[in-house]
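These notes concern the structure reproduced below.
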Amino acid sequence: GDCAYPVDPRQADGFIAMTEPVDGAAIRRYVTEYLVARQRPVIALLHLPGAPVVEMALLTGYEDGGAAILGRSPYQNPRTDSANPYGYFRLEDWESHTLAILGVGEERPAQWDKHLCYTVIQNALKYSRSHTRGTQHYGLAAYDAWERALLDDDCITSADDATIARRLLHHSAVAGFIACQKAFTVLPDCAAPSMGVISNLVRRASAGPGMIHGFMWDVWQVVGGYWRGVKPVGDGFRHYWDNDEELRRFKKRGVRERAAQVVRRARQADAQALQDLQQAGEEWDQCLGRGNSHPCPCWDRPCARMAR
């Protein structure tokens, strides 16, 4: 709920209307059959009438063969609250308000030979791969694209003030997005008596997100500030830049070079963290203890990790 974005009801109507071509009967059939067969809720992205946001909700049951859906949402309100004592919302014609349906996957047996930290390392490396798809940049490539944009004089100095202000707004938003992402990145403690080297590689990588979060604040200090000069347009759903001094600073290449230098430092910190996780994962693959065994199974034999 804290990260929900306010929605302009007029724009939301148009967005929700995009779902009209979807087969409502197919959605209803999928959800009702899912609820009965799996006995677990369905996650839905929907707009409850009267709610100020489009947000995730749990669909937990239905009535009248699926004509009305029951569920729980932090944004249920008098227009949708059910009269039952359990506090579910009740919504008819719910298919037309639904933007996406997410089923909860099957439960899988726990892989006890894989430590939680090992799984986290695998996921971190998987989702941090650096690549570019069209104008979308992922992983370390996002830092490179940001730096190029900051140093593109033709793109900035040749534009009118209104365009430059939007680019400064985007620059500040990128810093905020990365800062927020890194602020909530936590790696579990891999402490295991038999894995001092691996544990400390992960511990060193764990310092990376906090450092990058700090660098994003440094970017703001160079130019833009923490939304310094950002004001909402009348309806409050759009923003514009209203700080001529920050705009003048953003036009100066020297200022943007300092910001780009901070972006490079953040990239280096991210690259170091990924390198540490890569090494930890490779060494973990060779360790017979897998971080779970104490004493280490290699106490009385040559270490499998070191003998490779």
Side-chain angles (χ1 to χ4, degrees), residues 1-112 114 116-129 133 136 138 177 180-181 183-188 237:
D2 291 341
C3 294
Y5 193 81
V7 174
D8 183 336
R10 293 164 300 178
Q11 296 179 8
D13 285 343
F15 186 41
I16 293 169
M18 295 170 59
T19 66
E20 291 180 358
V22 176
D23 187 345
I27 294 177
R28 181 185 298 187
R29 184 169 55 253
Y30 172 81
V31 171
T32 54
E33 291 179 355
Y34 186 103
L35 291 172
V36 171
R38 303 200 184 187
Q39 295 292 298
R40 65 180 66 185
V42 178
I43 301 172
L45 178 63
L46 56 78
H47 179 243
L48 287 175
V53 298
V54 175
E55 182 60 292
M56 294 293 184
L58 288 178
L59 306 184
T60 57
Y62 59 89
E63 294 178 349
D64 302 329
I69 200 74
L70 303 176
R72 298 296 295 269
S73 166
Y75 294 98
Q76 58 197 66
N77 55 75
R79 292 180 59 182
T80 54
D81 270 340
S82 171
N84 69 66
Y86 301 107
Y88 296 105
F89 68 78
R90 184 182 188 277
L91 182 64
E92 296 181 347
D93 188 30
W94 56 275
E95 301 93 338
S96 66
H97 298 274
T98 301
L99 306 180
I101 295 291
L102 307 174
V104 179
E106 297 287 350
E107 294 182 8
R108 298 180 181 178
Q111 295 177 299
W112 295 109
K114 288 190 177 182
L116 172 62
C117 190
Y118 181 77
T119 302
V120 168
I121 290 172
Q122 290 180 313
N123 287 337
L125 295 174
K126 175 182 178 181
Y127 294 111
S128 297
R129 284 196 299 264
R133 184 184 302 123
Q136 297 175 329
Y138 302 86
F177 176 81
C180 187
Q181 178 197 54
F184 295 100
T185 299
V186 178
L187 294 175
F237 297 103

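Pairing each heavy atom of L35 with each of V42, the nearest pair is CD2-CG2, 3.9 Å. E63 approaches R90 most closely through the heavy-atom pair OE1-NE, 2.6 Å. When all heavy atoms of A57 and S73 are compared, the closest pair comes out as CB-CB, 3.9 Å. Across all non-hydrogen atoms, the minimal contact from L91 to P49 is CD1-CD, 3.7 Å.
The structure places CD of E55 at 10.0 Å from CG of L48, a figure rounded to the nearest 0.5 Å. With values rounded to the nearest 0.5 angstrom, L99 atom CG is found 9.5 Å from M56 atom CE. Interatomic distance, T60 OG1 to L70 CG, rounded to the nearest 0.5 Å: 5.5 Å. Note that CZ of R28 and OH of Y62 are 11.0 Å apart. Values are rounded to the nearest 0.5 Å.
Within the cation-pi definition used here (under 6.0 Å to the ring centroid, within 45° of the axis), R72 qualifies as a partner of Y88.
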Under the side-chain contact (heavy atoms from CB on, under 4.5 Å) criterion, do Y34 and L59 qualify, and how do the steps go?
CA-CA 10 Å; Y34 186 103; L59 306 184; over 6 Å; no

Determine, stepwise, if the pair I43 / L58 fulfils side-chain contact (heavy atoms from CB on, under 4.5 Å).
CA-CA 5 Å; I43 301 172; L58 288 178; 4.0 Å; yes

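Atom OH of Y138 has more than 12 heavy atoms from other residues, nucleotides or ligands within 6.0 Å.
Under the rule for a side-chain contact (heavy atoms from CB on, under 4.5 Å), the partners of E33 that lie at least two apart in sequence or sit in another chain are R29.
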